[in-house]
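The shown structure was predicted, so the numbers you read here are calculated from the model rather than taken from an experiment.
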Amino acid sequence: MENSFAITTTFIAYLIMMLAIGVYAYQRTKSSSDYFLGGRSLGPWPAALSAGASDMSGWLLLGLPGYAYAAGIEAFWLAGGLLAGTWLNWLINAKRLRTYSITTDALTLPEFLSRRFNDDSKMIQVISAFFILLFFLFYTSSGLVAGGKLFETVFGLDYTTAVIIGTVCVVSYTLFGGFLAVSWTDLVQGLLMAAALLIVPIAALEGGFGQLSSDLANINPELLTLWQDSKGEPLSAIGIISLVAWGLGYFGQPHILARFKASRSNRDLTTARRIAVIWTALSMLGAMLVGLVGLVYVTNSGVTVDDGEKIFMLLVNSLFHPVIAGILLAAILAAVMSTADSQLLVSSSALAEDFYKQVFKKDATSEEIVLVGRIAVIGISVVALVLAMTPDSSVLGLVSYAWAGFGAAFGPALVLSLYWERMNRNGALVGIVVGGITIVVWKQLSGGWFDVYEIVPGIIFSTLSIIVVSLLTGEPEQSVKSQHATFKKQLAELD
């Protein structure tokens with residue numbers, strides 16, 4: 001009873017702090033630019049940690065430790081791909097996207113792509129918004145499922161009640177504070193996540209890393225090789241490519257790309273990149289150590305674990321005082337909330353800016369857009385909540401599906417739009433559609449190379465379609481060329 005009370009008190013204090021940040025941010029949110037991009041005022045720390053925290057979600061504290069627990073250092077292929085993707089995304093996209101979004105005066109990713117190619121039909125904007133809403137509905141619901149399972153496990157709540165409580169918490173500060181609330185809470189949550197992932201394995205580690213390696217070898221020597229799975233079977237080229245290819249998804253994730261556009265200066269983005277890469281490296285190293293150290297701990301102590309993804313919670317409850325345990329378990333809630341809030345905000349911006357304003361009321365005021373965005377947060381969260389009420393694997397499995405969808409639909413189109421002057425509106429539109437459709441179709445196929453992670457063919461086919469269609473359908477309009485020239489001039493000045 002005492003343990004439960006201490007953990008509950010810690011969770012409540014944490015949630016109150018997050019809501020207080022949301023209320024403060026509400027007082028600074030006056031326009032749609034404030035609500036969706038924080039008035040482009042993010043410094044390097046909130047930009048970096050908000051991008052990282054909104055990216056990793058509960059997967060960092062549950063999924064990756066569970067994978068390392070089961071597969072050993074094979075997990076380094078996945079972690080290495082994600083680390084490389086993080087670095088390259090900041091290096092390739094950050095400064096150019098921020099500068100070009102200012103040149104085009106665009107708040108959302110669909111709006112940027114539409115204005116980049118002077119798409120008067122708004123087809124790019126509407127189709128892009130459709131993909132965002134489709135994928136994020138399931139992506140967000142998977143986060144609500146994870147939050148519900150956390151409350152269910154820690155407090156013994158009924159699953160339905162647990163999911164509703166978690167949803168209300170996330171919606172509250174997203175609804176009022178918008179992007180600033182999301183970014184500032186992500187800063188706190190990102191620091192908490194990294195600290196928890198480093199503290200827990202260090203506390204459980206006995207005898208140093210040499211002893212850890214020896215213990216793992218005694219349990220299963222195959223856990224210590226990069227080139228074989230835990231059963232001793234060689235990893236296939238398809239398997240390794242599929243793991244590393246997760247890093248390709250970063251180039252098209254709307255909730256991560258929004259942090260680049262919201263940064264207060266291009267110079268800050270250089271500092272933010274370094275912070276983001278260091279945070280990602282430390283967090284993923286900690287997550288893998290949680291899984292490996294947890295396996296040794298469970299084996300030596302004789303504890304039974306029915307689900308490897310619960311290893312972080314098991315270590316926390318076993319090793320720490322209830323108050324400290326409450327703080328560390330709050331890191332899981334932080335991970336879930338930091339991603340779900342960003343997804344809700346991007347989805348609401350797609351509905352308000354890219355659907356409502358473009359299709360229903362082109363002369364909508366900034367205040368009206370903010371109101372529609374807030375209503376959209378509630379509506380989208382309700383749909384996601386309904387989907388989350390059935391905590392089956394089909395919903396959770398859509399996390400990798402959505403990641404691939406965004407990466408293939410938007411990644412090639414965005415990167416080429418920032419670098420290739422010859423790219424035109426038709427190429428962009430076809431590339432987005434081909435990327436998205438490839439993910440949907442490839443997911444249904446199996447056997448041989450069809451077993452490769454669908455993001456790989458999705459990005460290849462999207463890139464090829466953009467290049468081929470752009471070359472076959474004539475050069476961009478003069479206004480598009482002039483805008484691109486202005487962008488390059490601004491980029492040189494801002495750097």
Indicate yes or no for a side-chain donor-acceptor contact from S283 to the backbone of W279 under 3.5 Å, with no hydrogens or angles considered. yes
Does the side chain of N93 come under 3.5 Å of the side chain of Y250 through a donor N or O and an acceptor N or O? no
Side-chain touch L494/R98, heavy atoms, less than 4.5 angstrom: yes
Could you give the distance from CG (D55) to OG1 (T280), rounded to the nearest 0.5 Å? 7.0 Å
Between T99 and N266: side-chain donor-acceptor atoms closer than 3.5 Å: yes
Could you tell me which non-hydrogen atom of P110 sits nearest to which non-hydrogen atom of I132, and how far apart they are? CG-CD1, 3.6 Å
Tightest non-hydrogen contact, residues L226 and L235, listed as O-CD1, 3.1 Å
Check whether S462 reaches the backbone of G431 with its side chain - one donor and one acceptor, N or O, closer than 3.5 Å. yes
Taking atom types as modelled and ignoring hydrogens, do the side chains of R259 and S50 form a donor-acceptor contact shorter than 3.5 angstrom? yes
Grab the two heavy atoms, one from L198 and one from G286, that are nearest each other, plus how far apart they are. CD2-CA, 4.3 Å
May I ask you to decide if E111's main-chain N or O and S114's side chain share a donor-acceptor pair within less than 3.5 Å? no
So, does N424 use its side chain to make a donor-acceptor pair with the main chain of A428 at under 3.5 Å? no
Is there a donor-acceptor contact under 3.5 Å linking the side chains of Y356 and E368? yes
Hey, is the main chain of W246 close enough, under 3.5 Å, to the side chain of W403 for a donor-acceptor pair? yes
Does the side chain of R425 pick up a donor-acceptor pair with the side chain of S121 at under 3.5 Å? yes
Results of side chain to side chain contact (heavy atoms under 4.5 Å, CB included) for S381 - residues two or more places apart only: T167, V171, L344
Could you label the plane-to-plane angle of the F135 and F131 rings as parallel, tilted or perpendicular, counting under 30° as parallel and over 60° as perpendicular? parallel
Count the heavy atoms belonging to other residues, nucleotides or ligands that lie under 6.0 Å from CZ of R422, then report whether that count exceeds 12. yes
Residues D268 and R264: closest non-hydrogen pair is OD2-NE, 2.5 Å
Will you find, in the side chains of S263 and K95, an N or O donor that is under 3.5 Å from an N or O acceptor? no
Minimal non-hydrogen separation, F117 against S417, with atom names: CZ-CB, 3.7 Å
Does a donor on one side chain and an acceptor on the other come within less than 3.5 Å for D354 and S128? no
Please say whether the positively charged group of R96, taken as NZ for Lys or CZ for Arg, lies over the ring of F487, i.e. under 6.0 angstrom from the six-membered ring centre and within 45 degrees of the axis. no
Indicate yes or no for a side-chain donor-acceptor contact from S242 to the backbone of Y453 under 3.5 Å, with no hydrogens or angles considered. yes
Give a yes or no on whether the backbone of L91 and the side-chain of R273 come within a donor-acceptor separation of less than 3.5 Å. no
Is a donor on one side and an acceptor on the other found under 3.5 Å between the side chain of Q483 and the backbone of R115? yes
Y401-E454 side chain donor-acceptor pair, cut-off 3.5 Å: no
Heavy-atom closest pair (I275 atom, L49 atom, distance to 0.1 Å) is CG2-CD2, 4.2 Å
Is there a side-chain contact between F251 and L257, using heavy atoms and a 4.5 Å cut-off? no
